[in-house]
Amino acid sequence: MKEIKTIGVLTSGGDAPGMNACIRAVTRAAIYQGWKVMGIYRGYEGLIADDVKELTTESVSNTIQRGGTILKTARSAEFMTPEGKKKAYDTIVKHSIDALIVIGGNGSLSGAQDFAKMFDVPCIGLPGTIDNDLYGTDMTIGYDTALNTIVECVDKIRDTANSHDRIFLVECMGRDAGFLAQNSAIASGAEAAIIPEDRSNVDQLEKFIGRGIRKSKNSSIVIVSESPKDGKGAQYYADRVREEYPQYDVRVSILGHLQRGGTPTATDRILASRLGVAAIGALNEGQRNVMIGVSNDKIVYVPFSRAIKMDKPIDKELIDVLGILSI
Ligand code: F6P
C-alpha cells in the first residue's frame with residue numbers, strides 16, 4: 001500500500017453533535033503522526049468542487065465543545081453519479097490525498113464504499129449520526145447528545161401534560177431506527193414508544209390505549225419515531241386518537257432539528273475522540289474501507305458492507321423494560 005503522507009477529512013449527511021470533536025481528533029492524531037490534513041468542506045459536494053483547506057492543530061482549537069460541524073456538511077446528489085465521483089477523485093489527486101476519512105451516517109458511508117470501489121483510495125468511515133443506526137458500533141457520534149436533548153424536552157412537556165390531563169405524542173428523529181424513541185421513552189418515564197422496528201401486527205396505538213393507561217394516570221406521553229417510510233408519525237396517531245378515542249385530549253409535539261444541535265455530551269466527545277484517533281491508527285495498520293466503531297468498549301473495525309447493510313436490532317430487553325416500568 002502507498003505510504004500515507006496526506007489525508008482528507010470530511011463530514012457528510014446530517015450534522016451530529018461531536019463531529020467537531022472527531023475532526024479535531026483526526027486532525028491532531030494525523031499531525032502527531034507527521035501527516036498533513038486537508039479539510040474538505042460541505043462533504044462530498046466540497047470534494048467535487050475542490051473546496052479544500054489544510055487543517056492545523058490550531059484550526060481545531062476550541063471546537064471540542066461545539067455542536068454542528070466546522071467543516072460544514074451536505075447531502076450530495078452529484079456524488080452518487082460516476083461523473084461526480086470522477087470530479088471528487090480529481091480533487092483527491094490535485095491535493096495528493098492518500099486516504100480519506102468520512103464522518104457521517106449510512107448514506108455517507110455508502111458513498112465512501114462506492115467511491116473506494118471505483119478508485120484506489122483507502123477510505124475510513126467514522127459513525128456520525130444522531131440515529132445510531134450503524135451496525136457494528138454500540139453508539140454513533142451525536143446519539144447520546146440527541147438522546148439527552150429529547151429527554152430534556154420531554155421532561156418539560158410532562159409538566160404541561162400533567163397540568164392538562166392530556167396525552168402527548170412526541171415525535172423524535174431517527175429516520176428508520178427507533179433507538180432515540182425507545183431509549184428516550186425509558187429515560188423520560190414515557191408510557192410508550194412507537195418504533196419502526198416493531199414489526200408485530202399489533203396496532204401500536206390500540207396496544208397503548210388498550211393497556212388502560214389513562215385509567216391509572218391522568219396524563220400520558222408516547223414517543224413516536226418519525227418513521228419516514230410509512231409516514232406514520234405523531235400526527236398520524238393523533239388524528240387516529242381524535243377519531244377513535246374522542247374522550248382523550250391529545251396534543252402533538254414534533255421536536256425537529258433542535259435534536260441535532262447543542263453542545264455534545266462528554267460521552268459523545270470521548271467517543272468522537274477515540275474514534276478519530278483510532279481512524280489514524282487503522283490507516284497506519286493498512287486498513288481500508290472499514291468503519292471504526294466501539295463495541296463492548298473496545299475499538300472495532302467493521303467492513304463497510306456490514307456497517308451499512310446489516311440491520312442494527314433494538315434489544316428486546318429495552319422494549320420489555322419500558323413495558324414493565326410504564327404500568
Ligand atoms: O440522519 C439524521 C437525521 O436527523 C434523521 O434523524 C432525519 O430523518 C434526517 O436526518 C433529517 O434530515 P434533514 O436535516 O436533511 O431534513
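Both backbone and side-chain heavy atoms feed into the values below; hydrogens, waters and symmetry mates do not. Atoms within each ligand, like the ligands themselves, are counted from 1 in listed order.
Atom CG of Asn20 and atom OG1 of Thr63 lie 5.0 Å apart (nearest 0.5 Å). Distance check, rounded to the nearest 0.5 Å: CG of Leu205 to CD of Glu244 gives 6.5 Å.
Below 30°, between 30° and 60°, or above 60°: for Phe79 and Phe115 the angle between ring planes is between 30° and 60°, a tilted geometry.
In terms of protein heavy-atom proximity, atom 9 (C) of ligand 1 is closest to Arg175 NH2, 3.5 Å. Protein heavy atom nearest atom 3 (C) of ligand 1, with residue, atom name and distance: Arg260 NH1, 3.5 Å. The protein heavy atom nearest to atom 8 (O) of ligand 1 is Glu226 OE2, 2.5 Å. In this structure, the protein non-hydrogen atom closest to atom 12 (O) of ligand 1 is Arg75 NH2, 2.9 Å. At the top of the distance list for atom 2 (C) of ligand 1, counting protein heavy atoms only, stands Asp131 OD2, 3.4 Å.
For the pair Gly174 and ligand 1, a heavy-atom separation below 4.0 Å is found. Under the 4.0 angstrom criterion for non-hydrogen atoms, Gln259 is not in contact with ligand 1.
A donor-acceptor pair shorter than 3.5 Å cannot be found between the side chains of Thr91 and Asp50.
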Practice task
Apply side chain to side chain donor-acceptor pair (under 3.5 Å) to the pair Ser76 and Glu45, showing each step before the final yes or no.
Solution key: CA-CA 6 Å; Ser76 174; Glu45 287 282 296; 2.6 Å; yes
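Two residues are said to be in side-chain contact when any heavy atoms from C-beta on lie closer than 4.5 Å; Phe119 and Ile92 fail this criterion.
Each of the following atoms of ligand 1 lies closer than 4.0 Å to a heavy atom of His257: 13 (P), 14 (O), 16 (O).
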